[in-house]
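Single-structure report; data block below.
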Amino acid sequence: MKRTKIKDILNTTDFGQEINIQGWVRTFRNNQFIAINDGSSINNVQVVVDFLNTDDALLKRVTTGAAVSVTGTLVESLGKGQRVELKVKTLEILGDSDPEKYPLQPKKHSLEFLREIAHLRFRTTTFNAVFKIRHALAFAIHKFFNDKGFVYMHTPIITGSDAEGAGEMFRVSTIDFDKVPRNDDGTVNYKEDFFGKSTNLTVSGQLEGELAAMAFGEIYTFGPTFRAENSNTTRHLAEFWMIEPEMAFCNLQDNMDMAEELLKYVVRYALDHCGDELEFLSTRLLEEEKQKPANDRSELDLVTKLNFCLDNDFVRITYTEAIEILKNSKPNQKKQFKYLIDEWGADLQSEHERFLVEKHFKKPVILTDYPADIKSFYMRQNEPDETGRRTVAAMDILFPGIGEIVGGSQREERLDKLEQRMYEMHIPVEEMSWFLDTRRFGSAPHAGFGLGFERLVLFVTGMTNIRDVIAFPRTPNNAEF
RNA sequence: UCCUAAGUAGCUCAGCUGGUUAGAGCAUCUGACUGUUAAUCAGAGGGUCCCUGGUUCGAGUCCAGGCUUGGGAGCCA
């Protein structure tokens, strides 16, 4: 008999039919009720065994984690907790699970413990929900861009350019560490290496993305990204996924509009397609927050927070306006900030971003037009203001609890201005000649941004540690599984 | 990398100013019960108290160094 997915029977009213289900035992209660999950739904189906007429040795093997195949009759449940249940005709153990050794118990485990057994944590309801939502968000992103006619570009994972300027890189090499080829002056001879030059894992597909955008008009990338920063936080990974759209004939305003529309679209998609999962995570979060002091709890529950994000325009202010707000803010005047705001030009610390997003505006905020000195070389230079301050057409989208979820800019399309900036910031101009060709031949205004996928998943699932929204997190000192 | 807290049974945690044989709940095992919802009841087993060194008559507890983990910061998505 072909197996039926649990998802398809939970809401059925077609009682009396005989079906087969296959899944993993979550718990076996009262020697007769087996809760089975097959991953198709976060909900289990209850299977009822006639234990008086079933072999004791077989029942002993029905343990938490075991894989089973059950054929039986679908009936309306006599009990309270569920609508339907399966009355067993035949029960087969497909794979045993030694209860002395299986680490998952039918109880709440800490996320820290589950992180240590990441290979098994998919089998918990929480991670089932998180990874279903992760999938839905990934799908929604492709759907959004596809529907708009964007071309999905696969930019290289291995890169020979070290000018991307987005942090420390992981070296890619086949050189034997015990026999490193050297030049006469003692430096490493990369001509002997696999690619005949020094190569690294990509920190961004943006530069290649720009090349494609200057032909297709609108493209996006969605792939893994690697940063060898020694970052130990709840929002950084050494290997993470990033979405990077790049659009020709597009300015900073268009860029912001696109980013806001994308974020709202995918949140809407999750609300429409992952109702059960979000409901579960929302309740879970409320339970968790009961442990916290009252003023540390969130004001909105997860689903309400997501809807609130959809119903309100993101606040758009310039860096200069943000500095004014922060300067006059209570925590600044009462010297509660660790880093006090006194001068234009300072980089905003996360305490400042949090104040703007979580206290002052209480909604997502897009900050624009940052000082040129604290931003990357490729961002388009604005006209200096009346006081001579130099800014660039950058934009960062800040989300409550997450911080920067999107970073983008209009790109500097004027060759002379771009080259001049590259010299100032010691970017090797000759090596980047291929990149500058876009400005030499048919240059056009264009813009793009990077969206941190795991940070998006954090926001939508309400999880608080980025290591819990990627299957096997890579962080300093950890590359297990 | 910096600041900070923690590490005791499979899991979650208690263990006071250093003092006999280190505890609880859940899990596991044995038995009972049988329409349960993290089933219930009774009993049993289960420990490198993170590691190394030190102080002391005596260290889970105090000191030094190290390791690991959580939270915060920086870097950023």
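The sequence lines fix the lettering, A, B, ..., with proteins before strands; numbering per chain opens at 1.
- Using modelled atom types, no side-chain atom of A:Lys7 and backbone atom of A:Asp38 make a donor-acceptor pair closer than 3.5 Å.
- For A:Asn30, no side-chain nitrogen or oxygen approaches OP1 or OP2 of B:U36 to under 4.0 Å.
- Between B:G71 and A:Asn465, a contact under 4.0 Å exists linking OP1 or OP2 to a side-chain N or O.
- Nucleotides of RNA chain B nearest to A:Thr234 and A:Pro99 differ in position, and the one nearer the 5' end is that of A:Pro99.
- In this structure A:Thr391 satisfies the side-chain hydrogen bond (donor to acceptor under 3.5 Å, both in side chains) test together with A:Asn382, sequence neighbours excluded.
- Pairs engaging residues 104-114 of chain A under the side-chain hydrogen bond (donor to acceptor under 3.5 Å, both in side chains) rule: none recorded [sequence neighbours left out].
- Scanning atom types as modelled, no donor and acceptor separated by under 3.5 angstrom connect the side chain of A:Ser231 and the base of B:C76.
- Remark: A:Gln349, A:Ser350 in residues 345-371 of chain A come within less than 4.0 Å of RNA chain B through at least one heavy atom.
- Of the residues in residues 106-114 of chain A, those lying under 4.0 Å from RNA chain B by heavy-atom distance are A:Pro106, A:Lys107, A:His109, A:Ser110, A:Glu112, A:Phe113.
- Checked against side-chain hydrogen bond (donor to acceptor under 3.5 Å, both in side chains), A:Thr320 has the following partners two or more places apart in sequence or in another chain: A:Trp344.
- Looking only at distances, no side-chain donor or acceptor of A:Gln46 sits under 3.5 Å from a matching main-chain atom of A:Leu86.
- For A:Phe51, there are no ring-ring contact (aromatic ring centres under 6.0 Å, His included) partners, not counting sequence neighbours.
- For A:Arg235 and B:G71, the shortest distance from a side-chain N or O to OP1 or OP2 is not below 4.0 Å.
- Within the structure, side-chain hydrogen bond (donor to acceptor under 3.5 Å, both in side chains) pairs that include any residue of residues 392-411 of chain A comprise A:Glu246-A:Arg411, A:Tyr370-A:Asp396, A:Lys375-A:Asp396, A:Ser409-A:Arg411 (at least two apart or interchain).
- Remark: A:Lys148 is not positioned above the aromatic ring of A:Tyr220, lacking an NZ or CZ atom under 6.0 angstrom from the ring centre and at most 45 degrees off the axis.
- When distances run from any side-chain atom of A:Arg115 to the nucleotides B:A77, B:A38, B:G70, the shortest one goes to B:G70.
- Checked against side-chain hydrogen bond (donor to acceptor under 3.5 Å, both in side chains), A:Asn232 has the following partners two or more places apart in sequence or in another chain: A:Asn230.
- Contacts of residues 46-53 of chain A with RNA chain B (heavy atom under 4.0 Å): A:Gln46, A:Phe51.
- Regarding contacts with the backbone of B:U36, every side-chain N or O of A:Arg29 stays at 4.0 angstrom or more from both OP1 and OP2.
- Remark: A:Arg284 pairs with A:Thr126 by the side-chain hydrogen bond (donor to acceptor under 3.5 Å, both in side chains) rule, at least two apart or across chains.
- Of the residues in residues 61-83 of chain A, those lying under 4.0 Å from RNA chain B by heavy-atom distance are A:Ser77, A:Leu78, A:Gly79, A:Lys80, A:Gly81, A:Gln82.
- Residue A:Gln206 is out of contact with every strand shown, counting any heavy-atom pair closer than 4.0 Å.
- Counting distance only, with no hydrogens placed and no angle test, the side-chain atoms of A:Asn232 and the base atoms of B:U1 include a donor-acceptor pair under 3.5 Å.
- There is no side-chain donor-acceptor pair under 3.5 Å between A:Tyr378 and A:Glu210.
- Legend: residues meeting ring-ring contact (aromatic ring centres under 6.0 Å, His included) with A:Phe122, ordered by chain and number and at least two apart, are A:Phe131, A:Phe472.
- There is no side-chain donor-acceptor pair under 3.5 Å between A:Glu208 and A:Thr155.
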